[in-house]
Asker: 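Here it is: the structure, laid out below.
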Amino acid sequence: MKLIHTVEELRSELSVSKSAEKKVGFVPTMGALHPGHLALVKRCVEENEVTVVNIFVNPTQFNDKNDLENYPRTLEADLELLKPLGVDLVFNPSVEEIYPEPDTRVFDLSPLDSVMEGYYRPGHFNGVCQVVSKLFDRVRPDRAYFGEKDFQQLAVIRAMVSRLNYLIDIIGCPIVRESDGLAMSSRNQRLSAKDREIALKISHTLFKSCTFAESNGVAETMNFVERSIVSQPGLTLEYFSIVDGDTLQPVKSWEEASRIIGCIAVFCGGVRLIDNIKYKEE
Ligand code: PAF
């Protein structure tokens with residue numbers, strides 16, 4: 001496994017694989033790796049001849065300066081976790097390497113970015129598309145792997161890839177949860193032991209809402225989840241939406257779409273956590 005920091009090194013390392021027509025798989029991350037990331041990496045290694053993992057905390061996707069400053073940076077530990085997995089290249093560029101000049105590109109992501117994360121974190125998905133498109137242009141992977149915990153991000157990336165005609169297969173991988181149900185996230189590291197206990201209410205409410213939804217409508221299910229979260233001291237609900245899994249627009253009935261998902265964002269001890277649950281799958 002080779003650690004590289006510049007686009008030049010990346011280009012020369014990949015040129016051999018490209019000329020041998022090897023399949024290149026790519027896992028973009030912001031580091032602070034946890035088993036959720038490692039599941040993406042393992043799948044990438046299984047399905048491709050060359051695996052590139054990117055570790056870069058992308059400033060343009062943070063709409064909150066404190067969030068950017070507090071984002072965990074754990075390169076040494078990340079490399080230790082990646083070593084046994086069969087990764088070929090770890091690309092860990094500086095901000096200047098990715099953005100030698102400010103990126104002023106604006107991506108048309110409508111209507112996917114007007115709701116949920118897009119609404120509460122203005123500019124976030126534009127920043128994600130800026131960095132992911134730059135990385136796609138430099139790595140030119142055959143496949144790229146993203147987690148379904150960031151369900152809206154996955155939909156946004158798929159839209160960008162289709163609108164910009166990238167020839168890259170976007171592979172969505174299931175949420176990885178702790179044994180007690182908490183969705184794995186780099187942000188969990190910032191929860192105190194007490195807040196971590198409280199945060200469990202999020203996934204447990206979503207699981208229960210799936211059973212509730214079997215005999216109740218969308219509005220009742222929304223109400224069920226909102227009341228459960230709001231009644232838990234220590235949690236502040238930012239949003240809960242039940243949406244079409246493709247357009248991400250809110251639905252009013254279970255018949256309205258073939259894929260339906262509930263997405264939630266909650267603050268716990270000052271840490272913003274997101275999670276989601278599938279109510280209906282094709
Ligand atoms: O999901 C993330 O960690 C980031 O949004 C991504 C895709 C690596 C872009 O910075």
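Just the heavy atoms: all of them, side chains too, but no hydrogens, waters or symmetry mates, feed the values below. We count ligands from 1, going down the list as the structure has it; atoms in each ligand are counted the same way.
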Asker: Show me which atoms of ligand 1 lie under 4.0 Å from any heavy atom of V131.
Answerer: 9 (C), 10 (O)
Asker: Would R158 and D246 pass as an ion pair if we require N to O under 4.0 Å?
Answerer: no
Asker: For atom 9 (C) of ligand 1, find the nearest protein heavy atom and state the residue, atom name and distance (0.1 Å precision).
Answerer: Q61 OE1, 3.3 Å
Asker: State plainly whether the residues E80 and K83 are in salt-bridge range, i.e. N to O under 4.0 Å.
Answerer: yes
Asker: Consider only side-chain N and O atoms of N58 and Y99, and report whether a donor and an acceptor are under 3.5 Å apart.
Answerer: yes
Asker: Atom 3 (O) of ligand 1: which protein heavy atom is closest, and how many Å away?
Answerer: M30 CG, 3.6 Å
Asker: For ligand 1, note which part of T29 has a heavy atom under 4.0 Å away: side chain, backbone, both or neither.
Answerer: backbone
Asker: In plain terms, say whether E256 and K252 are close enough for a salt bridge, that is, a side-chain N and a carboxylate O under 4.0 Å apart.
Answerer: no
Asker: What protein heavy atom sits nearest atom 5 (O) of ligand 1, and how far off is it?
Answerer: Q153 OE1, 2.7 Å
Asker: Does any N or O atom in N58 lie less than 3.5 angstrom from one in ligand 1, N or O only?
Answerer: no
Asker: Is the shortest distance from a Lys or Arg side-chain nitrogen in R121 or E238 to a carboxylate oxygen in the other one below 4.0 Å?
Answerer: no
